[in-house]
Every structure is written in structure tokens, then in C-alpha cells.
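Shown next, in C-alpha cells, is the structure this report addresses.
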Amino acid sequence: APPQPIEFVEAVHNLGYIDLYVGQHAKIFEKHGLTLHLTAAGGDTQAFAAVLGKTAQFAVGDPTMVEMSRERGGPGMVVGTLVQRAHYFGVSKTVAAPITNPKGFKGLTFVTSPDPNTNYSVTKKLMQDNGLKLGTDAKIIEVNPGTEIGAMLAGRADVAVAYQPNVAAAIAQGAKVVFDFSSYMGPFCNTGVMVLPEYAKAHPDVVQALVDALEESARLTYAKPDYAKQVARTEFPDVPGDVVDRAIDMELQYKIPAQTIPVDQKQWANLMSMQKYLGNVQASIAFGDVIDNQYADKAAKMAAAGGGTAVAAK
Amino acid sequence: MPESETPYSATGTPGKSGAPLTARNIGKTYGDDDDASPVIGDISFSLKAGEIVSLVGPSGCGKTTLLNLMSGLVRPTRGDVLWHGKPLTDVPKGIGYMLQKDMLMSWRTALANVTLGLELTGMPRAEREKKAHAMLYKVGLGPFHDYYPTALSGGMRQRVALARTLVTGPDVILLDEPFAALDFQTKVVLESDMAKLVRSDGRSVLLITHDVEEAVSLSDRVIVLTHRPSRIKAIHDIRLQGDRSDMMAMRDAPGFAALVRKIWSELDVRMAET
Amino acid sequence: MPESETPYSATGTPGKSGAPLTARNIGKTYGDDDDASPVIGDISFSLKAGEIVSLVGPSGCGKTTLLNLMSGLVRPTRGDVLWHGKPLTDVPKGIGYMLQKDMLMSWRTALANVTLGLELTGMPRAEREKKAHAMLYKVGLGPFHDYYPTALSGGMRQRVALARTLVTGPDVILLDEPFAALDFQTKVVLESDMAKLVRSDGRSVLLITHDVEEAVSLSDRVIVLTHRPSRIKAIHDIRLQGDRSDMMAMRDAPGFAALVRKIWSELDVRMAET
Amino acid sequence: MFEEASSAAPLDSSSRTLASVKRRRAWKRLRGRLAVLACQFGLLAVLLGLWQYATSKQALNAFLFGSPSEIWGFLVKMQEDGSLVHDAGVTGMETLLGFLLGNVIGTVLGLLLWYSRFVSKVVHPFVVALGSIPVVALAPLVIIWFGTGLASKLAMSTLSVVVVALVIAYKGATGVDDDQINLMRTLGAAKRQVFTKLVIPASLRDIFAGLKLTVGFALIGAILGEFMSSADGLGHAIFKAGSLYIIPKVFAGVVVTIVLALFLSFLVGRLERFLMPWHKFD
Amino acid sequence: MFEEASSAAPLDSSSRTLASVKRRRAWKRLRGRLAVLACQFGLLAVLLGLWQYATSKQALNAFLFGSPSEIWGFLVKMQEDGSLVHDAGVTGMETLLGFLLGNVIGTVLGLLLWYSRFVSKVVHPFVVALGSIPVVALAPLVIIWFGTGLASKLAMSTLSVVVVALVIAYKGATGVDDDQINLMRTLGAAKRQVFTKLVIPASLRDIFAGLKLTVGFALIGAILGEFMSSADGLGHAIFKAGSLYIIPKVFAGVVVTIVLALFLSFLVGRLERFLMPWHKFD
Ligand SMILES: Nc1ncnc2c1ncn2[C@@H]1O[C@H](COP(=O)(O)OP(=O)(O)OP(=O)(O)O)[C@@H](O)[C@H]1O
Ligand SMILES: Nc1ncnc2c1ncn2[C@@H]1O[C@H](COP(=O)(O)OP(=O)(O)OP(=O)(O)O)[C@@H](O)[C@H]1O
Ligand SMILES: [Mg+2]
Ligand SMILES: [Mg+2]
């Protein structure tokens, strides 16, 4: 059969999605009979909007969008995860010692993406959970996604809550990681693969092929970190090579990219509890109604059986 | 305002057929607030076919306003303007009006300005340009056909405006000081040309001028207006001997000088109390 | 171009003191491409203090251009304009120039248009308004001081422009057809007023007109220009008997009619070949 | 056919007292204004009605597009919790300041460029450049330079306005009739006087066109500034609602924005009438 | 003092042949143009030099602000890997289409509003509203309606242009002298003819002012569209570089954007000279 072309939207072009890029470079999607046309949206909402507007079949981004849509009677479904932890790091040039407890946020100014981006939400929740009053005990400035480290390096904040490769870039500029959100938060469904149920119903084989390919890619990423670095260097040619390498090392070290595609109950629960706390969702939809793990489970089973790393990474 | 207040009643019965354009007790007041200023008091007269009528009157008395009313551009506050017996509501076809300001279009050459009226009738390009060329030549601007208005002198602009008005061959021609910016010789030639054109074709001209000699030598009738709010102060039927289209000969005709003096005396100066 | 080609040499030695304004062999050509058109051929003359000089010539011959050169607004292509003996580079103080177009500012009332020149000298408001009121009254527009230009008639606008030029009391006054849009009476009154003003104060006037009678009755000298490229065709020193500031009396002076005829004949008509 | 050009209203020929003419005209004007208002509300009602109908019939998914009734609900809610007035106030203040700053800078520079053809030619490509920079792209720099407070919104708002104001003012200034400049020269005006007495008043019409145009830009600029970094304001509210995919709330924010724009542009119109008494308006 | 107003260049009084005058003037014009160019490059060089110096001396942090040499490096790199031409082509095409579409729609509507004072009054607040909608705020809706392909960029670009074009064209149309309309009426012009023969040519100056102004807007609109969703184009490159905090590349993208704007605005200038031969330019 001729390859099936699919429109695929990512929220932003982002090192967290390294699994996806590895799959592209290793031609894993082609192997599963798919030609991927990748478009970057300007954010999570736009990515999901592309699926809602049916200009794209798949989107990767914050899966909270799906929960919100479903709670308000809209469509949407999550068929897998791509980032399994909150991939934010607190980086700072001024804070000397690493912060182990969020109580240590006291007196500091954080810079994050605007509410309701997850780095904002996570930071805010941690502060409030630890009895810090926002605005007096600690401050958050909200800036355009990606510009957090700039604001921090320019001295407008103490700690930037940033993701890769900005974290690595900031480290190259002399900053240090002072707080590790990913470990503190634990499993977290940071990024989901989103699709319309009607599409999945009509094209289960395409969904299956995509999830199969992603599963295979995820395994390859963890199996061949050097290959992942190579992919990342070509995907982000403008970022200095050593920064990219360090970023990938950190990503893998903190187990941020999905190791396997099925959405874990715990990951979802963590996400939901935070979003509910923030008032963005009611978390009223049952796990099984939002998440359709059937494709991913099948893919994982097959990969575990040894199909996965068969693609030779040169 | 009762008709009896008009010092002179109109020549010819207003609205009678044969008179293409008639003013019936028209009046015009500018401004509708407390500072309403009446400009035209109460004026009635007719313009007959084949006739040249001049309007003379002190500066600011309302001559231009009167022509605007007669052309249908502006509606009178009182009274009616009749076009072949019917009240005017818009500028009728068959009227040509040369405004006091030349209003040439800066983006058109002299020639293209002249063709404007013909263009509006849908005449083919070659034909209208031929006509316009001929008319430009007549007003002495043949070689300047491709000049843009900014490169023309005041008098040349005025002649282009005149050519634009005449080229469409209107039956009734309203002219607001058409020769004011022209030297004596050019003026006389154009006056003679126009007199011939009008009288031979049975067209009519209503003309504003400050030059009483011009008025007398050119017209069949001279209407003298008062200060504003203007009314008709006097109407002179000009019955001079000789070739009525030879402007120089007219000036030497018996009775010419006397008529001019008479009209001058009627236009008495009341400066600084206008 | 050698001086000998000029048909008439200037009255008075160019540049001699006592002549505030002198043209020395000036010429002007428009356009610098292949279609260069010479407008002023070669003109020399002086304007002396206390003198009124008229320029007459066919429409489009270059009178306005000449005045632009004399005022310093435009530089000649050839020759020099001397202001009290020194070449002009910009409009000098002490010159007043009334352009052919009235150029009133639509955002200023009649009064505010007249005060403009005084405002530029920094005169206090009360004083300049007093002067402007007086000048507006003189030109017969006292009651219209608060009218915006759009509510003024053509002749009224011209009078505002005249008032604006005269109110600053310039020594040398250049006027481009200042009375063209005025009725005879108003014109005569303004001419007389101006003649008095100029002759009593030793000011000078250089004036363009199409009205040869006006030129003869008003001026000390009449310069007749040829077609373009214009040169001086004739210069007439007017030496009439009687009160030189009574325009009506002048017209009846012995020799007046003959002079007018002579000048008319010099302005021969060469229409359609301009 | 040409009603708007003829200076007098058509009246029948029976003579009438001035007072009655005046009364009639005032009434006519009022009636005209009421007719305009009626049409505007009618149009609005039809649009909203169609929208509401379409969403209620599921022809349009209300989740995707919101519906007027939901939007109204959010407006009421925002009014009740005070955020409407607060956010509109914050954004309105940013807009007003940016509008004033941008127009003052732009207009003054644009008019001043009249002084020298040479400088204006030299500067021209830089102005085009400034006018084509997608400032949103420079978000990182804007935040570093102007911080995350009022200054950055002001900068965005000002930047959105300044180029338009400059270009329009310059066009107005250079559009002044050469003959009128000549007239000023004959009156002995120094260049500075030509500028103040002629160029500025003659450019007013253009300047006001610029002012009317830039009301919207100032507002959009302020909102973009709030997108970059903010704690409150309409942009913040809209952006947050957008990220949460609460479309009716996005629209509610847009509605408030529009009302703000209409209010500001009304003020500009008043100012114009006040400053240009010689100009015909209707 | 008033060099630009006097129509003839000052020449000394010795008589000269026309040919030599012509040669001199051509040379003068050329020299004038060279002087302008020299000043522009000088200005640019000084700006870039200062910037480079400041970053090399650590007065400015090159990581936060980029430096001209780094920007140049990225430009070379983009040229070498072909992305410069490709991205500029994509964005240029979006811009051009949006520019044309927006201006055609806006100008046509703006001019047509001349036909009826009533309709224009009714429509006025809707235009203001349209001009003040922060379209970026509606990103999700834009994507739902127009997708992630060319259409959404076109929509953004068109929307950024259309209101300005409309307002400016309308201002031009209503600015036509009443007396000139009267003249047309005396020549028996139907309203449609007044429109085509008078209103349109008389508005050209304003329309071109609008065109020049909207070049930048069309470009910014296209880039905003690419920010919302894209696979290539300058906006994509800039946005990506921005989110990775590679400031010099952001600037490199902005530089290409500016060059594109200058090129388009140069084209508009040519068109203007071609369509308005009676107009004085210099
Ligand atoms: N910018 C220009 N380019 C080319 N020719 C011009 C330009 N300005 C004026 N001319 C020409 O110069 C000639 C003289 O013009 P000028 O205005 O001086 O005439 P004038 O004697 O004042 O005429 P009038 O009595 O009609 O006002 C005219 O033939 C005109 O076409
Ligand atoms: N829009 C207006 N508002 C108020 N008054 C006006 C308006 N238009 C004209 N007027 C007045 O009407 C009077 C007559 O003007 P009009 O132009 O008809 O005079 P005119 O006889 O043609 O004068 P001229 O010989 O100077 O051209 C003038 O006094 C003028 O001030
Ligand atoms: Mg008049
Ligand atoms: Mg002239």
C-alpha cells in the first residue's frame, strides 16, 4: 500500500518531543506506512485547535485540552503520551545552593510562561502547597514561553522555570539548575497524542500505525542516546552542539521523554489533580473515557516482544 | 415675499415655453442658525433661446450664488427655477456651466480636461479628442494640449475651463466671469467666437461679468443686481446697430458709451458698508 | 544673450540706488529635459521708489513668472534681480506680493488671514487685529471679518488677499491681477486708495493687469510684453494731466484714450499660434 | 442623487418662517441620527441572532465558537467579580498612554521631517524597517529592556502606533501646496513659521485620520504586550481564556476591547470637531 | 533656506548652453542620491558598529542581545542551507497575497462607502471594532476556520491590512472637493461617473499612502500567522529561534523581514510613479 500521509501538529518545536524527531530521522513512520507532515503551532491550544478544525489528524501538546473539551461537550481523545514528566527545571544565576524543598522558594522571584501554562501552574501549586503566599512570600512573573531564561539572565527574576534546551543554554551562560520539578512532581502526563474519536473510529489502522511508530521511536531514543543527540543536533542546528548534548543527557537522565507510549493512570491522575486544583478542569471524566490506551498497549506489547529496536540507527 | 416688492419684473412670462431657463421668485439664505444671511432676495427673470444675458453687480452680491441656483447645483430657499417650464431638481442635461474657479483636474492634461464632458457621454476616444483639439485650438491653446494644469498660466487655465464647457455643445451656457483673467485681445476674440456660435445655433448664454463694456457689447440684455440680499435693480435691453458678433465694432456703435455710463452709475459704490 | 537684442532697454540704470527693484537681463526656462520651454526671453527694467508700473501682455506670456522672479520666489535661469542693488536670493523683507491665486487659508477667518503677515513679525494680537480690521474695512469687508474663506465670494476673497498684502505696509508691492474679480466701482475705489497710499509714502507698485485702461490710469509706466518667450515690446511713460489718484478723472484726461488705443494695438492678437 | 453635495436641503417652494425651517432641520438631523443608530442595532441584532440560532441548533459547535448568550454570561460574571472594570481599566490606561506617546512622538517626528527632504530621504528606509518589524518576535528583548510591568505594554502600544502616526503626519506635511508655501515666503515667514502657521494646520486632517486609525493599534499593541507578560488586563484575560479553550470568555474579552476602542475613537472624534471648527463634518 | 520649494536650481548669471545645464542637473541629481545612500549606509554602519563594540566589550551581553557579527553568521548559514531563500519566499508570497487581497478589499470598500454617507455612518463603528480586534487573541479560532496552511497566514495578513486600507481610502474619497463634484455634475456626470472619473483619481495619493503603510502590516500579519502554526517561513524561523532563545537568529530573521519590506515598498513606490505621472516626486 502507498504510504498514508498524515498532518501532525506539535504545540512547539521542543526538545521534549525528541521521541518524535528520532522517529522521523530513523524513518520509523515510513516503516509503518505513514508520511508525516509536521507543523508547529504557537502553543498547546493552537495544536489542539488544528485537530478540532480537522486540518490535522494528530496533535501533540498539553492533553488537558482534551479533558476541557470533553467536559464542555466537545470531542477529543488521548491515545498516548510523549512526555511523561513535568520537564521544567528551575535555573538560576543568583541562587547559590540547590533548593530541595519548595519552602525554599520564599523570597524568590520566579519567571514562567503565562498562566495556564504548566510551568506556571506547577510553580504556583508548589508554593501554595507549602504555605507560601503568592505575591508576598514569592513572586511569579509571566513571560512569553521561551523567554524565561532571558528574563532571569537579565536579572529580572531569580529563578527561571524553563525547559530544554533553554535550561542547557542557561547553564552554558553560567546558571545552575537549582530545582528539579520533574522529580518533585513524579509521573506526569505532560504531553499527549490527541486525536478526534471520529477519526480514530474511521481509521483505526492509521492510529495504530502512528502509535506503533512512536512506541518504537521512544524505545530507540532511550536505547541509543548518541543517536538521539545526533537527531537533536540536526533538529536544532542553531543551538550550540554541546548545549544540545547536555540537554539530551538531562532529558534522559530525568526520564522526561516517554519511555513507552501508553498513558499511565498515575501520570494522568497527577495532571488532573493539578489542573483541578487550578480550577481549569473538574476532572469529572473517567480515565478510560478520555484516554484510549488500546492502540498504545498493543504497540507496547509488540515492542516489548522485540520488534522495537530492530531499526538500525546509523 | 410678495411679488410687488421686486423692483423689476422679469422679461417674458416666467415658465413660457421658448424660455429654456426661468427664475421664479427665487431667494437663497445661507446658514440656518441664528446667523442666517440672506444672499438672494427675490429674483425673477427668463433666459430665452438664442439670447445672451449678462449679470452685473457688486462683488459679493450673489451672482455666483444665482448661477448655482439657475444651474440646479444648489436649491433655492424660496421660489423655483424652471427648466423648459418644469422645476429643476438637479443639473439638467443640456446645460453647460463654467464655474468661477477653474476646477481643472490636476491629473489630467489640458486636452483630457477638455474631453471630460464628452467622455461622460460615452463618445469614442478618437472623436472626443478631435473635438477637444479643435476647441483648444479655438481658445488659443492648441500647442499646450499635453500640459498639466500646474504648468498653465491663470488665463490659460480659464480658457481650458471655457473649452471644457463649450465642447459638449450645451443649449444653455452659464458662464461665471469667463474672461476675467484674459488680456483684452484674447477676450475680444473669444467673445466674438462665442457670440457667433450662440446666435447661429439658437443657444443661450447667461454670463456674469464685471466688465460693463463687455456686458453691453456682447449681450441682448444686461441685468443689474443690487447689493446683497440681491434683487434686480435694472434690466437693459441692448439694441445696438451693427454686427452683434463683432465686439470691437460694437464698442464704437452709437449709444454704446451712454449705456455703459448708465450701467456704471447704477452700480453705485457702497464700499465699507456692504 | 547680448543686450542689443532687447528691443527696449530699461528705464533708469539697472542697479542704480533709488530703484529698489531691478531686473537685469533675466530669463527663465521651464523644464530641463528635451522639452525645455523658454518663458521669459530677456527682460531688464527698474522699479523706482514712489512709482507705479504696470505689466501688460497676452495671456500666458510670462507675467506671473516675471513677478515670481522679481519677488525672489523663483530664481531666474539667466540674469539677476537686484534688490537695492544686491542680487536677490530669497524673498526680501519689505516686499509684498499678492499672488494670482488668493491662497487664503481655509482654517483662518478673513480677519485671521489678513493678520497673518503681522503675526509673523510678532506684533501683539490686539494691535494686529486693529490694523487688520481697518484694512478689511478699507476693502469693503468690515462686516465679513469672521467669515471663513469658503463662505466668501470670489471678489471678496481677492480683496482679503489684497488686504493681507497691504496690511504689513511693504515698500515694494507686487500685485498679480489684484482687481480681476472686482466690479468696476469697487475696483476704482481700491485703485484710488492704493494710488494715494503709494505716492504719498514713496512706495512702489509693480502690477499685472489685463485692463489697459486701468494700467494707463493708474501707472507711471506701462510695460508691454510680447508673447512667450516674453521680452519687452514697448514701455510707455504715462504723463497725464490731473489728479493722478482720481481714477475716474484720469479716464477723461486728454491723451488717455489715444494711449489706451496705442497699447491695445501693441497687444496684437496671435491666437491659435501662441 | 447627490444629497450630500448640495448645500441646502430640498424644500418646497412655499415660503416659511426661518424658525420653522430651523426646527425642521434640527428634527431632520435628529431623525437622521436615530436612523443610523437603529440600523446599527438592527445589524448587530441580526448578527448576534444568527450566531445564537446557529449554535443552539448545533449547526455550529458552541464549544468551538461560543454563543452570544454564553458571552453575555461571561460579561455578567466579569462585571460581578469586578474583573471587567479592573482589566478594562488596566488595558485602557496602557492603551491611552501608548496612544498618546506613540502619536505625539510619531506626529512630531513626521511633521519635523518636513523640514528637510534630505533627512527624510535618509530616514525613509529606517521607518519602513521599523514599520515591518514583527515586534512580537522580539518579545524576549522587550521583556529584558522594558520588564514585565507597565513599561513593556507601553512600549508595545507605542511601537504599534508610532510608525503609522509618523508616516501619516509626514504625508500630511509634504502634501501642503507649494503655492501656499510661496505665499508664506512672500509674507516674510521664516521656515519655522511656515511650519507652525501653515504645515501644522494644513496637516490636521491627516493627523486626525492617523489618530482615528491608531486607536485600534494602540489597543492591539497593549494587548500584545499583555500576551508577552502580564498579571492582569484584558489581554491577560483573553489569553488565559484562550489557552483554556474557553471561547465565549475570549469573545467576552474581545467585546470589552471593542467597546474600549469605540469609546476612545469617540473621544478622538470630539477632539477633532473641537480643533477644526472650520471643517465641515456631518 | 527654502531650497526644496523653489522650482529652479540656483545658477549663476553667466549664460550657458542648455546641454551643459542638463548635464549639470543630471549630475546634481545623481550626487544627491549618492549623498542619501552614503548617509544611510553611514547611519547603519554606526548603529551596527556601536552594537558590535558594546557586545564585544561586554557592555551588552551577546547571549541576551545578539551581536551584528553573530547575526551575519546566521544569515550566511541560512543562505548556505537554502532556508533563507525558501523561508523568505514562503513568507513573501503570503505577504504579497495578503497585501493584495487586503488592499483590494479594503480600498474598494472604502471607496464604495463614498456612495452613501448613511451606510458609511452605519458601518463606522463596525470598522472601528474590526480594527481593534486583537486577532492574535483569536488564534485558536483562526486555526479552526482557516487551518494550518496558507489560508490562515493569508487571513492574518489580509486582516492586518484591510482596515487600514479601508479607512485611508474612505478618507481619500470623502476628502474630494465639493466644488469638483459640482463641476462633474454640471458636465452631466452620473454618480457612478463622479466616482470613477473624480473620486478614484483624487484618492490615489491617499490610496498609495495606504499601500506604503500596509506593506509592513501585511508582513507582520503573515508572520503572526506563522507564529500561530507553520512548517516554514520567516515567522516560523523567528518563532522557533525565539523559543530556543537564539537571539541572533531572531535578528537574522528580522533582518530578512526588513529587506523583504523594503523590497515590497520599493515596488509600491515604482507603481505610484507609474500610475501618477502628473504628481511631483523627488
Ligand atoms: N511649471 C511649468 N512648466 C512648464 N511651463 C510652465 C510652468 N509654469 C508656467 N509655465 C508656462 O509659462 C508660461 C507663462 O506662465 P505665466 O503664469 O507666467 O503667464 P501669465 O503671463 O501670468 O499668464 P496669465 O495672464 O494667463 O496669468 C505659460 O505659457 C505656462 O504654460
Ligand atoms: N456657504 C456660505 N455661507 C455663508 N455665506 C455665503 C456662503 N457662500 C457664499 N456666501 C455669501 O454669499 C454672498 C454672495 O456670494 P457670491 O459668491 O454669490 O457672490 P458674487 O456675486 O459671485 O461675488 P463675486 O463677484 O465676488 O464673485 C457673499 O457675500 C458670500 O459671503
Ligand atoms: Mg462670483
Ligand atoms: Mg498670470
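Proteins come first, then strands; the chains are lettered A, B, ... in the order of their sequence lines, and each starts at number 1.
Around NZ of Lys187(B), the count of heavy atoms belonging to other residues, nucleotides or ligands within 6.0 Å exceeds 12. Counting heavy atoms of neighbouring residues, nucleotides and ligands inside a 6.0 Å radius, atom CZ of Phe118(E) exceeds 12 of them. In Met123(B), the CE atom is crowded: over 12 heavy atoms of neighbouring residues, nucleotides or ligands sit closer than 6.0 Å. Around the CZ atom of Arg31(E), the shell of radius 6.0 Å holds more than 12 heavy atoms that belong to other residues, nucleotides or ligands.
Going from atom OG of Ser106(B) over to atom CD of Gln180(E) covers 7.5 Å, rounded to the nearest 0.5 Å. The CG atom of Leu187(E) lies 6.0 Å from the CG atom of Leu120(B); values are rounded to the nearest 0.5 Å. Distance CG/Asn68(B) to CG/Asn182(E): 7.0 Å, rounded to 0.5 Å.
Contact detail for Met103(B) and Leu183(E): the closest heavy-atom pair is O-CD2, 3.6 Å. In terms of heavy atoms, Asp179(E) sits closest to Lys101(B) at OD2-NZ, 3.0 Å.
Contact annotation for Leu118(B): neither backbone nor side-chain heavy atoms come within less than 4.5 Å of a heavy atom of chain E. Both the backbone and the side chain of Arg164(B) come within contact range of chain E, with heavy atoms under 4.5 Å apart. Contact annotation for Tyr97(B): both backbone and side-chain heavy atoms come within less than 4.5 Å of a heavy atom of chain E. With a threshold of 4.5 angstrom between heavy atoms, Leu198(E) approaches chain B through its backbone and through its side chain.
The shortest side-chain heavy-atom distance between Leu73(B) and Thr186(E) falls under the 4.5 Å cut-off.
Using modelled atom types, no side-chain atom of Lys197(E) and backbone atom of Leu116(B) make a donor-acceptor pair closer than 3.5 Å.
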